[in-house]
Structures are given as structure tokens and as C-alpha cells.
Amino acid sequence: MERGLPLRSAAGENAQRLAWPRENRILRRAEYTACYEGGRRFHTEHFIVFVRFGRGESPAPARLGAAVSRKVGKAVLRNRIKRLLREFFRHYVRRIPDGTDIVVVAKKQAGEAALRQADVDRQLGAALRRAERDARHEGRQAPARS
RNA sequence: GGAGCGGGACGGAUCGUCGCUGCGGGCCGCAAGGCCCGGGGAGGAAAGUCCGGGCUCCGCAGGGCAGGACGCUGGAUAACAUCCAGGAGGGGCGACCCUCGGACAGCGCCACAGAAAGCAAACCGCCGCGCAAGCGGUAAGGGUGAAACGGCGGUGUAAGAGACCGCCAGAUGUCGCAGCGAUGCGGCAUGCUCGGCAUACCCCGUUCGGAGCAAGACCAAAUAGGGAAGGGGCCGGCCCGGCCGUACCUUCCGGGUAGGUUGCUUGAGGGCGCGGGCAACCGCGCUCCUAGAGGAAUGACGAUCGGCGCGCGUUCGCGCGUUACAAAACCCGGCUUACAGGCCCGCUCUCGUC
RNA sequence: CGGGAUGUGGCUCAGCUUGGUAGAGCACAGCGUUCGGGACGCUGGGGCCGCGCGUUCAAAUCGCGCCAUCCCGA
């Protein structure tokens with residue numbers, strides 16, 4: 001709440017719920033590509049995070065997309081990493097502005113390390129704070145691009 | 001006690017908080033949908049995708065060739081490369097394990113060594129004749145090799161040889177008995193003893209149509225159900241044969257969709273009992289319902305108790321570490337591979353004690 | 001879901017069809033040449049042929065099962 005991240009609702013009115021329903025997911029390939037090309041990129045120890053503010057549509061909840069390729073590991077491990085990413089998003093979605101798309105790509109090292117939820121929270125939280133700060137620094141409010 | 005063989009079943013438990021999903025019920029809403037409650041929610045291999053089927057479409061799924069797969073016998077089964085029972089050969093002290101058509105149908109291969117590697121031959125030898133060179137007779141012995149034309153003993157001979165005899169091993173033919181059969185046991189005859197490799201081609205026998213749930217069906221939306229070029233199309237690759245017929249297919253240009261429902265989980269299904277069968281398995285009766293996602297749900301955090309290992313301790317207990325492999329994607333039957341731990345049953349060998 | 005290819009010295013590849021000797025180029029080491037280096041010449045070392053089992057007298061080669069990497073089609 002401090003640190004400048006505004007407290008917004010995830011989807012609809014219920015701001016108290018910590019959920020991750022369908023409209024909060026990035027599904028289409030074109031949306032992923034838009035994030036890769038139009039978003040800011042941040043590297044953490046185990047992930048590459050793309051953040052794109054201000055998607056522009058009127059009902060625009062924040063969304064998350066996870067990309068975990070087969071280089072990372074076998075199916076069980078890949079599923080677990082995706083769930084850890086969703087769990088982070090579920091907890092932090094209230095601090096993310098509406099219309100923000102986040103795509104997280106797992107690096108190969110993510111499979112080799114025994115990740116815990118705390119590790120994911122720390123890395124992605126730091127990346128999001130930097131994205132928010134850079135966006136304010138760049139000019140006006142965060143959703144400046146169109 | 002130690003070492004081992006075969007088979008079977010399991011593969012953490014409970015609670016709290018926050019989430020996901022589909023089912024049932026209730027409430028709100030014109031609707032899309034939302035909220036609340038209840039009870040479900042990964043595996044023995046879900047894996048690799050190596051076989052076999054079901055199901056769906058190709059109108060029907062025909063004949064031949066090509067190609068693939070399989071390969072002792074009998075049975076089980078929807079089917080199989082699986083399973084059960086048996087046979088033969090090989091390995092192991094043993095429990096037990098492994099392998100399986102055909103080499104007088106053809107085409108081939110057998111390096112090096114060796115005289116000679118497959119049908120006939122003779123390097124050193126041995127024997128006879130000859131002064132010698134050499135000629136002839138031999139295949140017992142030597143040596144080479146993965147493999148060398150049966151083995152042992154005798155008769156015989158110039159020296160030798162199944163040349164002949166006895167026993168043994170094998171081959172071929174034939175007969176009898178047992179068995180559904182693979183095959184086994186036994187008798188007789190022939191001195192026949194002329195190899196191996198088909199997991200290289202091949203031959204014989206059996207078997208196989210193609211695709212695959214992104215199969216397929218329905219609804220909705222969208223576009224001019226557009227233009228150009230080529231090909232008649234379909235029935236696994238080819239041929240025959242058949243069927244359909246102005247549709248269909250391919251490529252390019254320019255556009256438009258790529259949303260929802262269904263298929264989707266009750267099935268060659270699981271458990272128990274009885275009966276048949278050596279068994280695999282089958283039949284009958286009762287009973288149970290046990291994931292259905294869709295860029296893809298079963299997770300995160302915390303607590304307690306377990307299992308195993310190590311240390312302190314050695315009654316209790318305490319601390320630390322560890323708790324595997326691996327994620328359903330239409331569904332079954334198998335195979336193969338991965339796996340922390342422990343559990344049960346039967347059996348073998350060996351050591352010690354009584 | 002369906003189909004295909006490749007694993008051989010440090011690197012890039014031959015050899016596999018038709019089984020017996022693993023070879024080439026670059027790289028490496030030594031020597032020569034040069035005042036020295038490069039280039040060049042000569043000599044040399046280096047391989048469990050991805051892993052396991054099988055067939056065979058004998059397997060990089062043939063058969064089966066795994067592992068890894070890469071590429072197509074829907």
C-alpha cells in the first residue's frame with residue numbers, strides 16, 4: 001500500500017478476496033507477444049518478468065501469464081512453478097494497477113533450484129516495485145503508454 | 001544369523017487458513033453470470049508411446065502384388081509382441097532363470113592364421129619304389145583356428161583308413177507304444193558320420209484396409225458460398241475391380257473466422273461369494289459408482305504425528321538430516337523404463353546352537 | 001497425436017549398406033627451417049564408437065530396449 005502501489009480491486013467489487021479467476025489470465029499468443037515487445041523487462045535470479053501497463057480497455061483487470069518451457073524440467077516441476085507464480089499473483093493482485101499485464105518466463109535455473117513460495121514472492125515483488133518506479137520516473141502516471 | 005530365488009500388495013496420516021475446478025442444492029439477475037452451503041478431485045507406473053483392441057469417420061472395406069509384424073506345442077482372450085500349462089536346448093550347487101520355424105529352394109558370408117573353411121584336397125610327417133631328383137600310397141600323429149570330415153579299443157596293413165569288428169555318440173529311413181500336439185521311450189535297417197551363420201537377404205506358415213477425439217457431430221458468428229492456375233474424385237502404395245458424379249482436391253492472390261455445446265466417462269469396470277478348470281481364465285448371484293480439466297483444475301503456508309538414517313543416549317527420550325519416481329487429456333488390455341522407504345507369502349543354499 | 005534424423009579423438013565429419021584393420025581435416029606435443037614468430041615439412045600422443053542386453057568365433061557396423069539432442073506434419 002505504501003511504496004506507491006495503489007490498492008485496487010482484482011476483478012469486480014470484491015476487493016477483499018484473493019482469487020485468480022479466468023479473466024486474470026493471459027491466454028492468447030498475441031497478448032504474450034504484446035507483452036514481450038511493449039513491456040518492460042526485468043531479470044531476477046530465476047525469472048524474466050515482462051510488465052506492460054495500461055492495456056486501455058474499459059473492463060481491464062490485471063492479468064498474469066506464465067511461460068515455463070520444457071527446458072526447465074519435467075511436467076510435475078513445471079506445474080509447480082506455475083502454481084507458485086499464480087499464488088504470488090493471487091496475493092499481490094490488489095497492489096497491481098488495473099490494465100497491467102505481467103508475463104513471467106521461467107529460466108532454466110528455476111528448475112534446478114528447489115523454489116519455495118517465499119523466493120518467488122521476493123523476486124517478483126522486487127521486479128514489480130522496480131517497474132512501478134521506472135514508470136513513474138519516465139513521465140506521468142504509470143498508464144502513460146497507449 | 002548370512003546370502004539368494006519367485007510372487008503379491010502399499011507407496012505417508014490428521015487439522016487450520018487462503019485459493020482452483022466441476023457436480024448437487026439454495027439465493028440474486030432480463031441475460032451473461034455472480035454469491036453461499038454440501039460432498040468429490042492424479043498414478044502404480046497417470047510416464048515412454050513400443051504393441052493390441054474398443055469407439056468415430058473415410059458410401060461398401062472386394063481380389064492380387066508389394067510391404068510390415070509375429071514364429072516350438074496346446075490353451076486363455078475382444079485382441080496382442082501379453083498371460084497360463086507343457087516340450088526341447090542352454091546356464092546355475094540349488095530355489096530358479098534364459099532361448100525357440102526352415103541351411104540337400106535359392107543368393108551369399110566364414111577375416112587373420114592354416115596345406116585345406118565346404119568339397120574337394122595334403123604342409124611337416126608315415127610307408128613303398130628309386131643312387132638321387134622324384135613318383136606313388138596314406139590321413140594315425142604334429143601344427144593353425146571359433147570351427148578341420150565322429151570317439152575309445154582292437155583286427156588288419158608296407159604304412160594306414162568304417163576297410164572290417166565291439167562298445168559309445170549322432171544322422172537318415174522305417175515301425176511300435178504314450179500324448180490333442182510339440183515331443184518322449186523303444187525296436188529294426190543303412191558305416192551314412194559332407195560344418196556354422198537365417199537377430200543379413202531369403203523360404204514357409206499365420207496375420208494386418210487407412211487415419212485418428214485436433215476422430216467425428218451440432219449450434220452460432222463471419223465473408224462476395226470471391227478470383228486465378230492445375231488435377232476428374234474416392235476406396236493404405238501399385239494393378240485389377242468397384243462406387244460417385246460438377247462436386248471435390250491441391251497451389252497461389254485477396255479477405256473472414258479461429259466462440260460455444262457434444263463426443264466425456266458405467267466400463268472387455270471394481271469388491272465379495274459360489275461353481276467349472278492344473279492354471280491363465282470363464283459362468284452365475286449380490287453389491288459399489290471411484291477425476292473429467294481445456295494455454296489446461298488437486299496448490300500455497302503453517303502445525304502435529306508417522307517411516308527411515310546418523311549422533312547423544314542406550315528404559316523413556318532428545319537433536320539433526322531425509323521422506324522417492326512421476327501429473328490424467330477418449331477409454332481399456334499389455335510391454336518397457338523410473339522409484340525413498342518399508343510390509344506379506346512361498347522356496348533354495350550356507351553357517352552356528354540344541 | 002502422428003512421423004523422421006543424428007550421437008565416433010578437444011571440434012567438424014568419414015567408416016555402418018555387404019560384420020574382422022577405427023580414419024581425414026583443424027587443434028595439441030616434439031623436432032627441423034628462421035635472428036625470433038607465423039606459414040611449411042617430418043614425427044608422435046589422444047577413442048570404454050551415447051548406454052545396456054542379445055545374435056555371432058568376432059559388433060562402431062546386425063536385432064531389441066533405454067537416454068540425449070534436433071527437425072517436420074496436424
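Throughout, a chain's letter reflects where its sequence line sits, starting with A, and its residues are numbered from 1. The model shown is predicted, which means the values in this text are computed figures rather than measured ones.
The phosphate of G299(B) has neither OP1 nor OP2 within less than 4.0 Å of any side-chain N or O from R90(A). Between R86(A) and A296(B) there is a side-chain polar atom (N or O) within less than 4.0 angstrom of OP1 or OP2. Between R116(A) and G299(B) there is no side-chain polar atom (N or O) within less than 4.0 angstrom of OP1 or OP2.
The CZ-P distance, from R78(A) to A296(B), rounds to 13 Å in whole Å. Atom NZ of K71(A) and atom P of A68(C) are 15 Å apart (whole Å). Atom P of nucleotide A300(B) and atom CG of L77(A) are separated by 12 Å, given to the nearest angstrom. Following rounding to the nearest Å, N79(A) (CG) and G41(B) (C1') show an atom-to-atom distance of 15 Å. Whole-Å rounding puts the H91(A) NE2 to G302(B) P distance at 12 Å. K82(A) has its NZ atom 11 Å from the P atom of G295(B), to the nearest Å. In this entry the distance linking CZ of R70(A) with C1' of U69(C) reads 11 Å, nearest Å. Rounded to an integer number of Å, the gap from CD of Q117(A) to P of G299(B) is 13 Å.
The pairing partner recorded for C284(B) is G273(B), the criterion being a Watson-Crick or G-U wobble arrangement whose two distances lie under 3.5 angstrom. The nucleotide C5(B) finds its pairing partner in G346(B), both defining distances of the Watson-Crick or G-U wobble pair being shorter than 3.5 Å. Judged by Watson-Crick or G-U wobble contacts below 3.5 Å, the nucleotide C62(C) has G54(C) as its partner. Under the Watson-Crick or G-U wobble criterion, with both distances below 3.5 Å, C124(B) is paired with G141(B). Pair assignment for G73(C): C1(C), on the basis of Watson-Crick or G-U wobble contacts that are both within less than 3.5 Å. Nucleotide U17(B) is matched to A300(B) when pairs are restricted to Watson-Crick or G-U wobble geometry with both distances under 3.5 angstrom. Under the Watson-Crick or G-U wobble criterion, with both distances below 3.5 Å, A329(B) has no partner in any strand shown. Remark: A32(B) base-pairs with no nucleotide; criterion is Watson-Crick or G-U wobble with both hydrogen-bond distances under 3.5 Å.
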- Task: Check the pair V49(A) / R41(A) against side-chain contact (heavy atoms from CB on, under 4.5 Å), numbers first and verdict last.
- Result: CA-CA 6 Å; V49(A) 185; R41(A) 184 194 306 178; over 6 Å; no
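Note on R129(A) versus E132(A): no salt bridge recorded, every NZ/NE/NH1/NH2 to OD/OE distance being 4.0 Å or above.
Taking the C1' atoms as reference points, G43(B) lies 13 Å from A338(B), given to the whole Å. C65(B) and C51(B) have their P atoms separated by 26 Å, given to the nearest Å. The gap from the P atom of G154(B) to that of A59(C) amounts to 44 Å, rounded to the nearest Å. When the P atom is compared between A189(B) and G166(B), the two are found 11 Å apart, to the nearest whole Å. For C80(B) and U206(B), the P atoms lie 15 Å apart once the distance is rounded to whole Å.
If you check every strand for non-hydrogen atoms under 4.0 Å, R80(A) touches sugar and phosphate atoms only. Base engagement by E87(A) is indicated by at least one non-hydrogen atom pair under 4.0 Å involving a base atom.
Here R78(A) contributes atom CZ and R83(A) contributes atom CZ; the two are 12.0 Å apart, rounded to the nearest 0.5 Å. In this structure, I48(A) CD1 and H43(A) NE2 are separated by 4.5 Å, a value rounded to the nearest 0.5 Å.
Between the side chains of Q117(A) and D121(A), a donor-acceptor pair is found at a separation under 3.5 Å.
Classification of A169(B) as anti follows from a glycosidic angle more than 90° from 0. Annotated as syn: U246(B), whose glycosidic dihedral is within 90° of 0. Classification of U14(B) as anti follows from a glycosidic angle more than 90° from 0.
Checked against T44(A) for a side chain to side chain donor-acceptor pair (under 3.5 Å), the options R122(A), Q123(A), K107(A) give a single hit: Q123(A).
In this model, no side-chain donor or acceptor of R83(A) finds a partner on the base of C20(B) within 3.5 Å.
In this structure the side chain of L124(A) reaches within 4.5 angstrom of the side chain of L85(A), judged on heavy atoms.
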